[in-house]
Amino acid sequence: MISPSGRPRPDQRLLALIPYGVPYGGGVTVAELVRRSGLSRPTVAEALDRLLADGAVRCGPGAGSGGVGRPARRWRRGPPQGMFAAIALSRDAVRVRVADGDDGDDGKVADRLHRLDVSLDAHGALSTGRDLLHECLTELTTGAESLATVVLGLPCPVGDDEQPQARGILPGWIGARPAEQLRDWLPGAQIFVDNDANLGAVGELAVGAGRDCRDFVYVKMAPGLGAALVVDGRLYRGAGGLAGEIGHVQINELGHPCICGARGCLGAEMHIAALHGTGGNAGLAALAELFRRYEAGDAACGRTLSTMGGLLGEQLGAVANMLDPERVVISTDQTPPHPKLLDGIRDGIRRTALPAISDLPVLPSPLGVHAETVGAITLARERHAEGSGVR
């Protein structure tokens, strides 16, 4: 059966499962494509031959696995055309990245950062992102007309309707419609909105600590607390796009008030622990201060890091019991997060996870906050392919 584009439908199905090339993905093997597509091996092989002849995919050797024999070849998509942009908003900053479609060493990339209280001023944050975007485009000697896709990351849940679930989390964003605003400003580009932790997980899957595995939990610690799930090599958003809100799991019904309206949420309790450990400085945003003081010999800061890690680890142990991930990836503003914090997380997991999975690897993110812009660019390229009728 032939699609309207003239390409056999198995080709489309397979192309949707093949990531873009290094550094935006490690590629997939024929065996993985057979398993994930449900097609027979001969059908997959024939479709790959056609895609290769069309120039839609590339094939190269995979990394050695330490086993016997040559590593399986890995398949990757060729670079898309156009410019792709990320506007990543965290609670305290606006980060922008613009990249072209070339995923090789000659690819063009520009980055900008501006510190800003994002939570209180939706229009101001979006305007700042727009201005930084134009600065990046100017640096790359191109204009907004070259933008193919823009992905906006928000530090709050984002539903399937692209609307921020801001009540109790981002007071200045209630009623805001950021996707519509960006479409007004950038009428020639596709616009997509997602949660910041989701974008971080995509970045780790592409080039970070999740690159060589299919199932992991990504946790962002600073300035807030969020998580995202990668299942079978794909971001898992849940039924309504709200999966991963680990910061609002209640761990103490008589605990401190949380911005969501509940008491004793994990994020709130960790925030208070950090405040006590730093004498009132900025909660989770002060992790760097805790790291510095502990390295300088402050044993109390070490205990605070262990306590915070333990609180998080206990909840991750419960997640591990349900999902059985290969690893947990921890991201903070510091790259990498301090080993004392990671040890606390491991101890917490051992307290709550089944014995068979209690030694779940906990790895530091090599990307830190940059995972969000890297992930947003990766997602922009994927969405561009979908919008071009590839899927």
Side-chain angles (χ1 to χ4, degrees), residues 17 19 25-26 28 32 35-36 88 90 151 153-160 162 164-165 169 192-222 224-251 260 265-267 270 309 311-332 337 342 345-346 348-349 352-354 357-358 360-369 371-372 374-376 378-379 382-383:
L17 299 174
V28 292
E32 290 170 334
R35 177 175 58 83
R36 293 174 60 186
S90 57
V151 171
L154 297 178
C156 68
V158 177
D160 284 342
E162 295 187 314
Q165 311 298 304
I169 299 176
F192 297 97
V193 185
D194 212 328
N195 169 259
D196 58 348
N198 283 350
L199 297 179
V202 173
E204 296 293 341
L205 180 64
V207 299
R211 183 171 179 175
D212 60 344
C213 75
R214 309 296 297 174
D215 300 88
F216 66 89
V217 180
Y218 170 81
V219 180
K220 174 187 176 181
M221 295 181 64
L225 178 65
L229 309 174
V230 172
V231 178
D232 194 25
R234 290 181 172 272
L235 182 68
Y236 177 76
R237 291 185 171 84
L242 307 181
E245 289 299 317
I246 195 171
H248 295 287
V249 173
Q250 187 183 65
I251 64 172
C260 73
C265 291
L266 174 62
M270 292 180 64
L311 292 174
L312 175 58
E314 288 172 357
Q315 301 310 309
L316 289 172
V319 172
N321 285 342
M322 292 189 292
L323 295 181
D324 187 22
E326 295 178 55
R327 66 189 57 159
V328 172
V329 179
I330 303 296
S331 174
T332 67
L342 299 181
I345 294 172
R346 295 184 185 104
I349 290 174
T352 57
L354 290 168
I357 54 178
S358 61
L360 176 67
V362 178
L363 303 183
S365 164
L367 303 175
V369 294
E372 295 167 31
V374 171
T378 304
L379 183 60
E382 296 286 345
R383 292 297 179 87

Nearest heavy-atom neighbours spanning [X] and [Y]:
X	Y	answer
Gly208	Leu367	CA-CD1, 4.0 Å
Ala371	Gly200	CB-O, 3.6 Å
Asn195	Val158	N-CG2, 3.8 Å
Leu199	Glu372	CB-O, 3.7 Å
Gly226	Ala197	C-CB, 4.1 Å
Leu360	Ala320	CD2-CB, 4.0 Å

Hey, are the side chains of [X] and [Y] touching, using non-hydrogen atoms and a 4.5 Å cut-off?
X	Y	value
Glu245	Gln165	no
Ser90	Lys220	yes
Val202	Glu382	no

Looking at residues at least two apart in the chain, or sitting in another chain, which of them share a side chain to side chain contact (heavy atoms under 4.5 Å, CB included) with Ala353?
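With neighbours one apart ignored, the set is Asn321, Ile349, Ile357, Ser358.
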Which distance, rounded to the nearest 0.5 Å, do you find between the [atom1] of [X] and the [atom2] of [Y]?
X	Y	atom1	atom2	answer
Met221	Ser365	CE	OG	13.0 Å
Leu363	Ser331	CG	OG	12.5 Å
Leu229	Phe216	CG	CZ	9.5 Å
Ile330	Leu312	CD1	CG	5.5 Å
Ile246	Leu316	CD1	CG	4.5 Å
Leu235	Leu379	CG	CG	8.0 Å

Between Leu225 and Leu266, is a side-chain contact (heavy atoms from CB on, under 4.5 Å) present by the stated rule, with each step listed?
CA-CA 9 Å; Leu225 178 65; Leu266 174 62; 3.8 Å; yes
Using the side-chain contact (heavy atoms from CB on, under 4.5 Å) rule, take Arg36 and Val28 through it: C-alpha gap first, then chi angles, then the decisive distance, then the call.
CA-CA 10 Å; Arg36 293 174 60 186; Val28 292; 4.1 Å; yes
Would you call Arg237 and Asp160 a salt bridge, using N to O less than 4.0 angstrom?
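So Arg237 does not pair with Asp160 through a salt bridge.
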Is there a donor-acceptor contact under 3.5 Å from the side chain of Glu314 to the main chain of Thr352?
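No; judged by distance alone, with no hydrogens or angles, the pair does not exist.
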Can you tell me if Asp215 uses its side chain to pair, donor with acceptor, with the backbone of Asp232 under 3.5 Å?
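Indeed, once roles are kept as given, a pair shorter than 3.5 Å links the two residues.
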Test of understanding: with side chain to side chain donor-acceptor pair (under 3.5 Å), list the residues that count as partners of Asp212, not counting sequence neighbours.
Arg327
